[in-house]
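Quick note on labels: first sequence line is chain A, next is B, and so on, each numbered from 1. The structure presented is a predicted model; accordingly, all values stated were derived computationally and were not measured.
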2 protein chains.
Amino acid sequence: MVTLQDVAKAAGVSIATASWAINDSKDARIPQETRQRVRKVAVSLGYRQNALARGLARGQSDSIGFISDGVATSPFAGQVIRGAQAEAWQNGKILLVVDTNGDKRIEKETFAFMMERQVEGIVYSTWVHHAVEPPKELRQVNSVLVNCFDRRRQYPAVVPNEIQGGRSATEILLKAGHRRIAFVNDIDSSPAAIGRLEGYRQALSSYGVQFDPSTIIRAPSNQEGGYRSIEAVLATKATAVFCHNDRMAMGLYDALHERGLKVPDDISIVGFDNQEVISAHLHPALTTVALPQYELGVLGIRTLLESTEQVKPQTDETSQTKRKIIHVTCPIIVRDSVFPSNQVIHH
Amino acid sequence: MVTLQDVAKAAGVSIATASWAINDSKDARIPQETRQRVRKVAVSLGYRQNALARGLARGQSDSIGFISDGVATSPFAGQVIRGAQAEAWQNGKILLVVDTNGDKRIEKETFAFMMERQVEGIVYSTWVHHAVEPPKELRQVNSVLVNCFDRRRQYPAVVPNEIQGGRSATEILLKAGHRRIAFVNDIDSSPAAIGRLEGYRQALSSYGVQFDPSTIIRAPSNQEGGYRSIEAVLATKATAVFCHNDRMAMGLYDALHERGLKVPDDISIVGFDNQEVISAHLHPALTTVALPQYELGVLGIRTLLESTEQVKPQTDETSQTKRKIIHVTCPIIVRDSVFPSNQVIHH
DNA sequence: GTGAAAGCGCTAACAT
DNA sequence: ATGTTAGCGCTTTCAC
């Protein structure tokens, strides 16, 4: 293993100078010539910094912890890690990723493990968008919540904008001319269920359409739920349906198919999540609203890095400052399940 | 920040003794009483090891690099990371995960970055099972390939057993009494396409069924491919179809549906991949073969750790030793798309 | 401009 | 059984 010592010796300079040259320190007063020479030598010797030594000396590890309760498992949330990692990388940091599988004990251990490794902060991310009660330890370090939030607002959080998403989904139907729109929502209450409903109502209202509670159908948020809600959907006499997610839409497609009803000719459908393996490949392909997963990851890290620069972690338990929640836009993905589609495109 | 120094002082022992007590060194000859006392003090002081300092002193980082070309992206391969991480964790190691997005330049940078961080080895994993040419640098360190392999067998590799998978898929159909079985394979050649076909042929052969090339249909391995292969499938007069993957099966379901054909009454179907969001939720739920993703991750790390213990990384370019390839079993997941299903269960 | 040297927090060989 | 001490490889202050 080649050390800085070796490089210095080979270049005929002191180890301090070598360090400056390698790191290209702005404030070090060494001539370009020396810098170049040292670096040449370093390359020719195949020198590589030892991040452990560097971190120890500088009291900084250039690493960020990423705790998730299953992001890596989720079929459609790995993108969050990708975004986080890309943004961390941009800033010369590396991510220590641990999936706790939702286990509180593992979570605590993970936290300790990360602290030992001198992480500069921790991103705490969840699989589904919901309220969490993060382990108190998290307050000892800079941290941000991604795809979740704590009710007391002790941590900055980055979440998808469910309301806007629900609004966009509904508006695309309204723009296409639909006025009677059913909403097959998740039977479980959640930020997604609440937010998307609110968006749905806002959209109707902005188009002057009276909200009719009987157009709201609730079912489990999976294919079966969508499939089984067919009767209720047809009973609403709606010409279009906004499904809480793509999986429900997939189930609804099946049920519609079985009754010989065509999408979008007989009924228009909009989903949510843009779970590509489903939405992009249904017949017809499903118009849906995408979850900004990659962005959530990016913004999570960015938020963390910003707060690292400025403030120290809050240790003052009495502090009442509410941390901000960033709501990230959910873009609409137009495909072929809304009729008449030409109108959709023109607006 | 509390250091070992502080703990030693508070406990009234030397720093060395403190270190031994904390690490519970077997060979250190210190009485239990002292150990206990020191640890009590450490806890009460809120002491936490500094992994950087420890790693520097021991020349060991307890971390493993995990490079992937998109595992985190893949809707169904995040499990590989989960498995890898769980196994690493078991051994007191942490994973440094970087997704290169398939970019060769990022790949090189990632490698350098990981070496700087003194990783004890690198797992190089790919999204699809295929042959790779890993960057030469990889040979400088202990490494193992996961879900991919190099033709020259310079690295140990862990891959799914495609042949056995294909065999299992076909056998379940044979056991159910089917004798004319179409195989809708991927039109692109790949270890999966080749292996699954081989398994299909082996299964037929072991049941004394003559292989008929006309039952092999090739199409792009996605929903559209499956959907469009309907004519060809029907033309084979097969009573059952083995699809190269669940996505193709999903497309085929759609096409079958449109012609009023029922699964499994009119035709039985088996998929591959066990992409749950699809397979578990089609109507009827799809019998399929699962990719052992979690296991791939576990075995990747285990293999790495084993070789770390024993051999040093091969630097000898002329060495001709072929590294082993571990083929991991792909379990069959029985659901409702094979008829008659009762027979299936009884065997 | 450059170098000497004091750490960073910990481990482990060596002394006692 | 316990303490002393020399590093691990690097950064950075301070002196020249």
Rounded to whole angstroms, how far apart are CD on Q36(A) and P on dG1(C)?
16 Å
Using a 6.0 Å distance limit plus a 45 degree cone around the ring axis, check whether R153(B) lies over the aromatic ring of F149(B).
no
If the sugar-phosphate is the primed atoms plus P, OP1 and OP2 and the base is the rest, what is the B/S/- string for nucleotides 8-16 of chain D, using protein heavy atoms under 4.0 Å?
BBBBBB---
Looking just at side-chain N and O atoms, do E120(B) and Q60(B) make a donor-acceptor pair shorter than 3.5 Å?
yes
Just by distance, do the side chain of R82(B) and the backbone of N101(A) share a donor-acceptor pair under 3.5 Å?
no
Taking all heavy atoms of G46(B) and all of V2(B), pick out the closest pair and write down the distance.
O-CG2, 4.2 Å
Protein-nucleotide distance (R37(A), atom CZ; dG1(C), atom P), rounded to Å:
15 Å
Write down the distance between CD (Q60(B)) and P (dT11(C)), rounded to a whole number of angstrom.
12 Å
Will you find, in the side chains of R117(B) and N50(A), an N or O donor that is under 3.5 Å from an N or O acceptor?
no
Does S68(B) reach the main-chain N or O of D99(B) with its side chain, forming a donor-acceptor pair under 3.5 Å?
no
Using residues 294-302 of chain B as the side-chain source, report each donor-acceptor pair under 3.5 Å to any protein atom, sequence neighbours left out, with the distance given to one decimal.
| from | atom 1 | to | atom 2 | distance (Å) |
| --- | --- | --- | --- | --- |
| R302(B) | NE | E87(B) | OE2 | 3.2 |
| R302(B) | NH2 | E87(B) | OE1 | 3.4 |

If you measure only the distance, is there a donor-acceptor pair under 3.5 Å linking the side chains of Q293(A) and N147(A)?
no
Bend of the helix from dG1(C)-dC16(D) to dT16(C)-dA1(D) from end-axis comparison, five pairs per end, nearest 10°, comes to 40°
